[in-house]
Undergrad: 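Can you read through this structure? Questions will come right after.
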Amino acid sequence: MLALSPGILIIPIFSLVIVGILYIHFYTKVTDKSNYKRMILTIALIGFVLNLIWELAHGPLYKDFKYDFNHISLCILSSITDMLTLLLLFFVFSLVFKNVYWIKQLSFFNILLLMLVGGLSSTFVEIWHINRGDWLYSESMPLTPILKAGVSPVLQFTILPLVIFIISKNLISKTGK
């Protein structure tokens, strides 16, 4: 399913560095630092959990996947990377919209843009990993036309960011901020 090599760490390390920089950037700008930290933590935790569920559910679509300690551990590591990528997506949109609280006002345009960026970026990341041989699809993985990226990982970042941001927004709203 997954070949651990130094090259596979490029995206998580890049995401971690950029997320850290952007977290600090927005932390210095917000007035309610407690609310900001709670929002980012909420997004991160929900992002990790939902991505882990997705990773475990679509594991059998990858060659030689088994529900054993090694593969579940790799799903956990993948979910951490997915969480970092989700936070990167969140912060980039925060820069574009010039508002770290942009998820509180999701418009049709924002939703469409989020799904488009998530879907396209996951398509290119998936193609990169497949071409590097980091993982292989099983025969049961449906593929996108032309580009031949796995449909499940592409849908993961087309759909889950929106779901995570909506759940996070609702949870944050219920805490009174």
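Heavy-atom basis, side chains included; hydrogens, waters and symmetry copies ignored. All values derive from a computational prediction rather than experimental measurement.
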Undergrad: For F90 and V100, work out which heavy atoms get closest and say how close.
TA: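 In terms of heavy atoms, the two residues are closest at CZ-O, 3.1 Å.
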Undergrad: For the CG atom of L84 and the CG atom of L89, what is their distance to the nearest 0.5 Å?
TA: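 Taking CG in L84 and CG in L89, the distance rounds to 12.5 Å.
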Undergrad: Applying a strict under-4.5 Å side-chain criterion to I, L, V, M, F, W and Y, I'd like to know whether L95 and V117 cluster together.
TA: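 The answer is yes; both residues are in one hydrophobic cluster.
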Undergrad: Do side-chain atoms of S138 reach the backbone of K63 as a donor and acceptor pair under 3.5 angstrom?
TA: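 Not at all, since once roles are kept as given, no pair shorter than 3.5 Å links the two residues.
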Undergrad: How long is the gap from SG on C75 to CG on N70, to the nearest 0.5 Å?
TA: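 These two atoms lie 11.0 Å from each other.
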Undergrad: Applying a strict under-4.5 Å side-chain criterion to I, L, V, M, F, W and Y, I'd like to know whether L86 and I166 cluster together.
TA: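 Hydrophobic grouping puts L86 with I166.
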Undergrad: When you group the ILVMFWY residues by side-chain heavy-atom contacts below 4.5 Å and let the links chain together, are L120 and I130 in the same group?
TA: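 No, because I130 and L120 fall into different hydrophobic clusters, even though each may have its own neighbours under 4.5 Å.
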Undergrad: If every non-hydrogen atom of N99 is compared with every non-hydrogen atom of Y101, which pair is closest and at what distance?
TA: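 Scanning both residues, the minimum pair turns out to be OD1-N, 2.8 Å.
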Undergrad: Can you tell me if S94 uses its side chain to pair, donor with acceptor, with the backbone of W102 under 3.5 Å?
TA: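 Side chain of S94 to backbone of W102, a donor-acceptor pair under 3.5 Å: no, none is there.
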Undergrad: Verify, without hydrogens or angle tests, whether N131 (side chain) and I127 (backbone) share a donor-acceptor contact under 3.5 angstrom.
TA: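 Indeed, once roles are kept as given, a pair shorter than 3.5 Å links the two residues.
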Undergrad: In terms of ring plane angle, is the pair F91 and F26 parallel, tilted or perpendicular, where the classes change at 30° and 60°?
TA: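 Judged by the thresholds at 30° and 60°, the geometry between F91 and F26 is parallel.
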Undergrad: Side chains of Q156 and S122, heavy atoms from C-beta outward: is any pair under 4.5 Å?
TA: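 No, too far: nothing below the 4.5 Å cut-off.
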Undergrad: What's the verdict on side-chain contact (heavy atoms from CB on, under 4.5 Å) for N110 and Q105, showing C-alpha distance, side-chain angles and the deciding distance?
TA: CA-CA 9 Å; N110 295 2; Q105 299 112 9; 5.8 Å; no
Undergrad: Do the ring planes of Y137 and Y62 sit parallel (below 30°), tilted (30 to 60°) or perpendicular (above 60°)?
TA: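 Tilted: the ring planes of Y137 and Y62 meet at 30° to 60°.
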Undergrad: Determine whether D32 and Y36 satisfy the following criterion, side-chain contact (heavy atoms from CB on, under 4.5 Å), listing intermediate values before the conclusion.
TA: CA-CA 6 Å; D32 187 346; Y36 172 74; over 6 Å; no
Undergrad: Is there a donor-acceptor contact under 3.5 Å from the side chain of Y67 to the main chain of L56?
TA: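 Confirmed, Y67 side chain pairs with L56 backbone.
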Undergrad: Kindly indicate whether a cation-pi arrangement holds for K37 with Y27, taking the cut-offs as under 6.0 Å to the six-membered ring centre and within 45° of the axis.
TA: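 No, a cation-pi geometry is absent between K37 and Y27.
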Undergrad: Is F14 close to L88 at the side-chain level, that is, under 4.5 Å between some pair of heavy atoms?
TA: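 A side-chain contact under 4.5 Å exists here.
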Undergrad: Measure the spacing between CG of L77 and CD1 of I72 and express it to the nearest 0.5 Å.
TA: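 So the CG of L77 and the CD1 of I72 are separated by 12.5 Å.
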Undergrad: What closest approach, in Å, do I76 and F48 show between heavy atoms, and which atom pair accounts for it?
TA: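 Answer, listing the atom of I76 first, then F48: O-CE1, 3.8 Å.
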Undergrad: L162 and L106: which non-hydrogen atoms are nearest, and at how many Å?
TA: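 L162 and L106 have their closest heavy atoms at CD1-CD1, 4.1 Å.
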Undergrad: Report yes if the side chains of I167 and L50 come closer than 4.5 Å at any heavy-atom pair, otherwise no.
TA: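 Of all side-chain heavy-atom pairs linking L50 with I167, at least one is under 4.5 Å.
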Undergrad: Check this for me: K33, atom NZ, are more than 12 non-hydrogen atoms of other residues, nucleotides or ligands nearer than 6.0 Å?
TA: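 Yes, the 6.0 Å shell around NZ holds more than 12 heavy atoms from other groups.
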Undergrad: Consider side-chain contact (heavy atoms from CB on, under 4.5 Å). Of L45, I53, N51, which one does V49 pass it with?
TA: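 Exactly one candidate clears the test, I53.
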Undergrad: Kindly indicate whether the side chain of L87, heavy atoms from C-beta on, has any atom under 4.5 Å from the side chain of Y23.
TA: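 They are not in side-chain contact.
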Undergrad: Can you tell me how far apart NE2 (H71) and CD (E55) are? Round to the nearest 0.5 Å.
TA: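 Answer rounded to 0.5 Å: 12.5 Å.
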Undergrad: Considering non-hydrogen atoms only, spot the tightest contact between K169 and I103 and give its length.
TA: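 Minimum heavy-atom contact is CD-O, 2.9 Å.
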Undergrad: State plainly whether one hydrophobic cluster holds both W128 and V154, where clusters connect Ile, Leu, Val, Met, Phe, Trp and Tyr through side-chain heavy atoms under 4.5 angstrom apart.
TA: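 No; tracing contacts between hydrophobic side chains, which count when under 4.5 Å, never links both residues.
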Undergrad: Can a side-chain donor-acceptor contact be found between S79 and W54 if the only test is distance below 3.5 angstrom?
TA: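 No pair is found: no donor N or O on one side chain lies under 3.5 Å from an acceptor on the other.
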Undergrad: May I ask you to test the T123-F157 pair for a side-chain heavy-atom distance under 4.5 Å?
TA: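 Not touching, per the 4.5 Å side-chain cut-off.
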Undergrad: If I take atom CG from residue L116 and atom OG1 from residue T158, how far apart are they, to the nearest 0.5 angstrom?
TA: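 Going from the CG atom of L116 to the OG1 atom of T158 covers 8.5 Å.
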Undergrad: Membership question, hydrophobic clusters at under 4.5 Å side-chain separation (ILVMFWY): are F109 and V92 in the same one?
TA: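 Linked, V92 and F109 end up in one cluster.
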Undergrad: Would you check if the side chain of T144 reaches a backbone N or O of A149 as a donor-acceptor pair within less than 3.5 Å?
TA: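 Looks like yes, one N/O pair under 3.5 Å.
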Undergrad: Taking M39 as the fixed residue, which of I43, T42, L41 is the one that meets the side-chain contact (heavy atoms from CB on, under 4.5 Å) rule?
TA: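 Of I43, T42, L41, side-chain contact (heavy atoms from CB on, under 4.5 Å) with M39 is met by I43 alone.
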Undergrad: Would I46 and L171 satisfy side-chain contact (heavy atoms from CB on, under 4.5 Å), going step by step from the backbone distance to the final call?
TA: CA-CA 10 Å; I46 293 169; L171 286 175; 3.4 Å; yes
Undergrad: Would you give the length of the straight line joining atom CD1 of I159 to atom CG of L114, rounded to the nearest 0.5 angstrom?
TA: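 Reported to 0.5 Å precision, the distance equals 11.5 Å.
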Undergrad: Show your working on side-chain contact (heavy atoms from CB on, under 4.5 Å) between L113 and F97 and close with a plain yes or no.
TA: CA-CA 12 Å; L113 187 60; F97 297 135; 4.3 Å; yes
Undergrad: Locate the shortest heavy-atom distance separating L61 from S152; write the atom from each residue and the value.
TA: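 Shortest heavy-atom separation between L61 and S152 comes out as CD1-CB, 3.7 Å.
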